[in-house]
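Protein chains get the first letters and strands the later ones, always in sequence-line order, with residue 1 at the start of each.
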Number of protein chains: 2
Amino acid sequence: MSKDKKFVSEITPQSEDFSKWYIDVIKKAELMDYSPVRGCIIFRPEGYELWENIQRDLDRRFKETGHRNAYFPLFIPESFFQKEKEHVEGFNPELPWVTEAAGEKLEERLAIRPTSETMFGHMYAKWIQSYRDLPLLINQWANVVRWEKRTLPFLRTSEFLWQEGHTAHENEEEARQETMQMLGIYRDFVEEFLAIPVIVGQKTPSERFAGAVDTYSIEAMMKDGRAVQAGTSHYLGTKFAVAFDIKYLDRENQLQFAHTTSWGVSTRLIGAMIMVHGDDRGLALPPKVAPTQVIMIPIGPAKTRDQVVGRVDELYAELKNAGVRVKVDDRSDVSPGWKFNEYEMRGIPLRLELGPRDMENGQVVLVSRISGEKKVVEQANLVAEVEAMLVQIHNEMFEKAKQFREDHFYSVDTLDEMKASQEEQRGFVLAGWCGSEACEKQVKEETGATSRNIPFEPAEKKSTCLVCGDAAEHTVVFARAY
Amino acid sequence: MSKDKKFVSEITPQSEDFSKWYIDVIKKAELMDYSPVRGCIIFRPEGYELWENIQRDLDRRFKETGHRNAYFPLFIPESFFQKEKEHVEGFNPELPWVTEAAGEKLEERLAIRPTSETMFGHMYAKWIQSYRDLPLLINQWANVVRWEKRTLPFLRTSEFLWQEGHTAHENEEEARQETMQMLGIYRDFVEEFLAIPVIVGQKTPSERFAGAVDTYSIEAMMKDGRAVQAGTSHYLGTKFAVAFDIKYLDRENQLQFAHTTSWGVSTRLIGAMIMVHGDDRGLALPPKVAPTQVIMIPIGPAKTRDQVVGRVDELYAELKNAGVRVKVDDRSDVSPGWKFNEYEMRGIPLRLELGPRDMENGQVVLVSRISGEKKVVEQANLVAEVEAMLVQIHNEMFEKAKQFREDHFYSVDTLDEMKASQEEQRGFVLAGWCGSEACEKQVKEETGATSRNIPFEPAEKKSTCLVCGDAAEHTVVFARAY
């Protein structure tokens with residue numbers, strides 16, 4: 001291969017066709033591939049390692065707050081779904097059914113789990129007898145299936161990977177505390193680990209989880225102005241406890257229903273991360289989640305090659321020992337320029353270059369994937385400099401995403417204003433809402449946007465409903481969503 | 001609760017009814033519960049944490065040998081199974097079928113994966129073009145389903161968790177190297193982490209994985225003399241490459257079929273670990289896998305209680321900081337005796353007792369779950385002493401299991417000798433075998449034992465077939481198996 005050959009990423013610009021940009025990027029960066037099964041993707045190693053890193057950090061947060069992992073069955077008997085009426089109405093349309101096994105028709109159909117409240121409900125009823133058994137704090141990492149009409153890799157796949165927490169408590173206060181704690185953990189994680197700013201708030205009644213008393217969500221804005229619901233936490237009251245008979249003897253020896261919660265995030269987070277930070281050069285991976293944080297590239301003519309590569313290997317070992325996820329690309333059949341472009345496409349946060357002149361000066365050059373800033377640092381100080389720059393890159397990514405959101409967040413008072421705001425550049429809309437399902441529906445019919453949530457800390461409080469003009473019960477974020 | 005109340009474990013003695021002993025133990029130790037789905041269990045937190053610890057160590061070994069994790073779909077289209085004839089014959093009888101989804105009958109039935117060679121084959125054909133794409137070393141951690149007639153918690157469940165590695169190579173030599181490397185990793189892991197001695201060898205043709213050229217296994221002996229196949233590694237030759245068209249351009253620009261392997265271990269390992277080490281007092285968990293390695297129990301009268309508990313908490317922090325998985329039980333509503341029995345039942349490897357006299361002497365008492373040995377050690381030396389004793393306990397467990405196997409391993413020359421050997425105490429049998437399927441079948445018909453493997457390092461080489469008396473082609477281990 002000629003060293004003059006240019007790395008052509010062939011990625012469709014975002015401004016030209018955002019959907020095509022997304023598919024180009026995830027394919028070229030080898031994050032996924034389509035599978036022969038409708039709506040199901042293959043998570044290739046580059047993509048799956050993102051999930052492994054997400055899992056590791058989230059799981060630590062769950063364990064630190066007293067939760068333990070378990071594993072419940074993939075299958076849910078048909079009769080189970082019938083037990084909680086709202087729940088079955090919500091999920092029934094998307095269920096795949098196992099009707100035969102080992103050559104025989106099954107007596108009772110088995111659904112593939114879309115979520116496991118019913119199975120957890122059934123077992124919790126068995127395990128919980130007394131207040132001493134509470135709180136029961138269990139999480140599971142698993143695959144679930146929802147037979148979707150329209151799918152999009154990572155963001156909406158028929159089979160996806162997630163975690164689902166299911167907890168049972170003595171009373172409403174503790175259950176609500178848990179609901180809010182997990183919501184806070186999600187917010188902290190998505191912002192601190194994935195550098196994605198989120199709007200934390202309560203879902204409107206029509207957007208609640210099927211069977212919940214209250215649903216809370218964190219919402220993120222993608223580069224095309226659309227929303228992605230990045231995580232949800234549900235206070236289920238005693239609904240599932242009643243449906244599945246989860247009762248306990250309280251401290252006064254009275255039989256009570258438990259109050260339960262459930263909460264989950266999924267591989268959808270990977271899609272959100274790509275769409276928030278990626279650009280026309282390709283992926284941009286936040287340092288905390290990137291499988292490779294630093295790519296080291298030796299440069300210079302053949303005569304100094306061995307020397308440079310030798311020093312690169314030494315510095316590689318230093319960084320590795322310090323816990324930095326680092327790789328070296330010392331291929332000689334492609335040019336440094338080729339490598340620069342390739343790793344920018346793959347979204348590696350930090351590039352380290354070392355050439356003969358850097359060798360003389362005892363320095364290296366660090367280049368940020370985000371700002372393009374080139375920083376010359378002392379080799380003697382490498383670990384500290386790299387760690388500092390990774391933190392800086394995380395902050396750059398977060399601030400950039402926050403600024404983008406601010407620039408695409410419109411405060412409106414009427415539906416017409418809302419439509420007008422979307423004409424220039426699609427984005428989120430902050431508006432007053434009277435609380436009626438009719439007005440909420442009308443927004444959807446006329447703009448395609450759904451209510452995302454009622455933010456806990458809106459930028460301002462709106463006073464009138466954008467549809468009917470009546471007094472606003474809530475200040476709501478509306479947006480077209482993935 | 002009266003402090004005189006005795007902890008009664010109510011575990012059926014192994015000698016009375018081994019199967020009932022097993023179920024008693026796994027239920028009382030809260031490792032699992034039965035689910036409403038036929039053949040599927042709930043992995044409760046105590047049981048699931050064993051799997052988490054197993055995963056962590058195995059995954060490290062996989063990553064260290066260049067493998068990366070990915071995630072392939074749960075569903076496999078019906079047409080896929082037809083592509084490799086032996087494979088479909090082997091697995092077809094146990095498949096559950098999804099025939100409807102989202103209210104509609106599916107055009108093509110979808111199986112739930114029993115193993116993923118076919119899906120990997122399909123994608124590898126797509127991803128592999130050139131020798132530069134090889135070797136391709138991918139593993140996945142996933143749930144699989146095999147609709148079993150007879151199930152047993154952990155050892156044989158319809159849905160189970162496992163890892164399945166699938167690799168593609170340029171030639172037979174490298175593929176066989178990989179096959180043997182992974183077998184060796186399994187042996188090292190099962191012995192070093194689970195303290196289970198295994199017999200490493202090759203499966204007979206009739207026991208091969210459906211579609212493999214050669215299958216290798218590690219076999220372990222349970223406390224009832226039966227065998228558990230603890231892991232398998234398959235050399236698949238070019239069979240799946242031909243079936244799925246996995247071809248590559250070699251270094252001479254010629255189109256070649258890739259040589260592939262697959263290998264897996266599952267949650268069956270948990271069942272094996274219980275049956276190898278458990279006793280009439282309950283579970284006995286090997287230190288490396290035990291969720292809790294040390295249980296600290298303050299003892300003594302009420303007047304010294306606070307002092308003792310204070311010191312226990314200090315020592316707890318020391319052990320925790322040193323990376324020991326340690327817990328304190330300072331409940332005052334049950335006696336120390338109760339706690340001793342409970343934690344023995346739960347299989348905690350090491351108990352630490354601290355009472356007023358130990359306080360005076362600056363000592364603690366360490367008690368091994370296995371030998372019952374009580375060792376008085378200096379508090380000042382605690383971490384080192386605990387670490388040393390955990391190593392000792394691991395070695396005790398391994399040597400005990402090895403001795404048990406030796407005591408139940410019979411070298412025989414005829415079928416009658418084999419039957420006689422099983423009358424006293426069931427165990428493994430080492431015998432010569434002519435290599436004919438007929439003789440192998442006869443052993444199974446007359447004794448219920450299957451060939452486990454042809455050990456690489458048999459204790460002795462047998463010269464005649466135990467059934468027909470002809471010259472022995474192989475020295476084989478036979479046993480009744482789970």
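- Of the two parts of B/Ile41, only the backbone, made up of N, CA, C and O, holds a non-hydrogen atom closer than 4.5 Å to a non-hydrogen atom of chain A.
- Heavy-atom pairs under 4.5 Å with chain B were tallied for A/Ala70, A/Ser79, A/Gly103; the largest tally goes to A/Ala70.
- For a residue to count as touching a neighbouring chain, one of its non-hydrogen atoms must lie under 4.5 Å from one of that chain's; by this rule B/Lys63 touches chain A with the side chain only.
- In this structure the side chain of B/Arg44 never reaches within 4.5 angstrom of the side chain of A/Arg68, judged on heavy atoms.
- In this structure, OG1 on B/Thr99 lies 7.0 Å from NZ on A/Lys105, to the nearest 0.5 angstrom.
- Looking at B/Ile112 and A/Ile112, their side chains come closer than 4.5 Å, going by heavy atoms from C-beta outward.
- If you measure heavy-atom distances from B/Tyr34 to chain A, the contacts under 4.5 Å come from the backbone alone.
- Comparing B/Lys149, B/Met123, B/Glu148 by how many heavy-atom pairs each has under 4.5 Å with chain A, the most go to B/Met123.
- For the atom pair A/Trp97 CH2 and B/Leu106 CG, the distance stands at 13.5 Å (nearest 0.5 Å).
- For A/Arg109, the part lying near chain B is the side chain, with the backbone staying farther off; criterion is any non-hydrogen pair under 4.5 Å.
- For the options B/Glu46, B/Glu94, B/Glu108, heavy-atom pairs under 4.5 Å to chain A are most numerous at B/Glu46.
- Within the 4.5 Å cutoff, the side chain of B/His122 has heavy atoms near those of the A/Pro36 side chain.
- The distance from the CZ atom of B/Phe43 to the CD atom of A/Gln140 is 11.0 Å, given to the nearest 0.5 Å.
- Here the side chains of B/Leu74 and A/Val37 are not in contact, with every heavy-atom distance at 4.5 Å or above.
- No other option in A/Pro93, A/Ala101, A/Ser158 has as many heavy-atom pairs under 4.5 Å with chain B as A/Ala101.
- A 4.5 Å side-chain heavy-atom check between A/Trp127 and B/Ile42 finds at least one atom pair inside the cut-off.
- Environment of CD in A/Glu64: crowded, with over 12 heavy atoms of neighbouring residues, nucleotides or ligands closer than 6.0 Å.
- When the candidates A/Thr157, A/Asp33, A/Val145 are compared by the number of heavy-atom contacts under 4.5 Å with chain B, A/Asp33 comes out ahead.
- With rounding to the nearest 0.5 angstrom, the SG atom of B/Cys40 is 8.0 Å from the CG atom of A/Leu110.
- Counting heavy-atom pairs closer than 4.5 Å to chain A, the top-ranked of the candidates B/Asn139, B/Asn143, B/Ile138 is B/Asn143.
- In this structure, the portion of B/Glu52 lying under 4.5 Å from any heavy atom of chain A is its side chain and not its backbone.
- Side-chain contact between A/Leu161 and B/Tyr71 is present, with heavy atoms from C-beta onward closer than 4.5 Å.
- Proximity to chain A (any heavy atom under 4.5 Å) is shown, for B/Arg146, by neither the backbone nor the side chain.
- Heavy atoms of B/Lys126 lying under 4.5 Å from chain A belong exclusively to its side chain.
- Here CH2 of A/Trp141 is found 9.5 Å from OH of B/Tyr48. Values are rounded to the nearest 0.5 Å.
- Checked by atom type, the side-chain pair A/Asn69/B/Glu49 shows no donor-acceptor distance below 3.5 Å.
- Annotation: B/Lys27, atom NZ; neighbour count of heavy atoms from other residues, nucleotides and ligands within 6.0 Å does not exceed 12.
- With a threshold of 4.5 angstrom between heavy atoms, B/Met119 approaches chain A through side-chain atoms but not through N, CA, C or O.
- Interface residue B/Glu159: only side-chain heavy atoms are found under 4.5 Å from chain A.
- Heavy-atom distances place both the backbone and the side chain of B/Pro73 under 4.5 Å from chain A.
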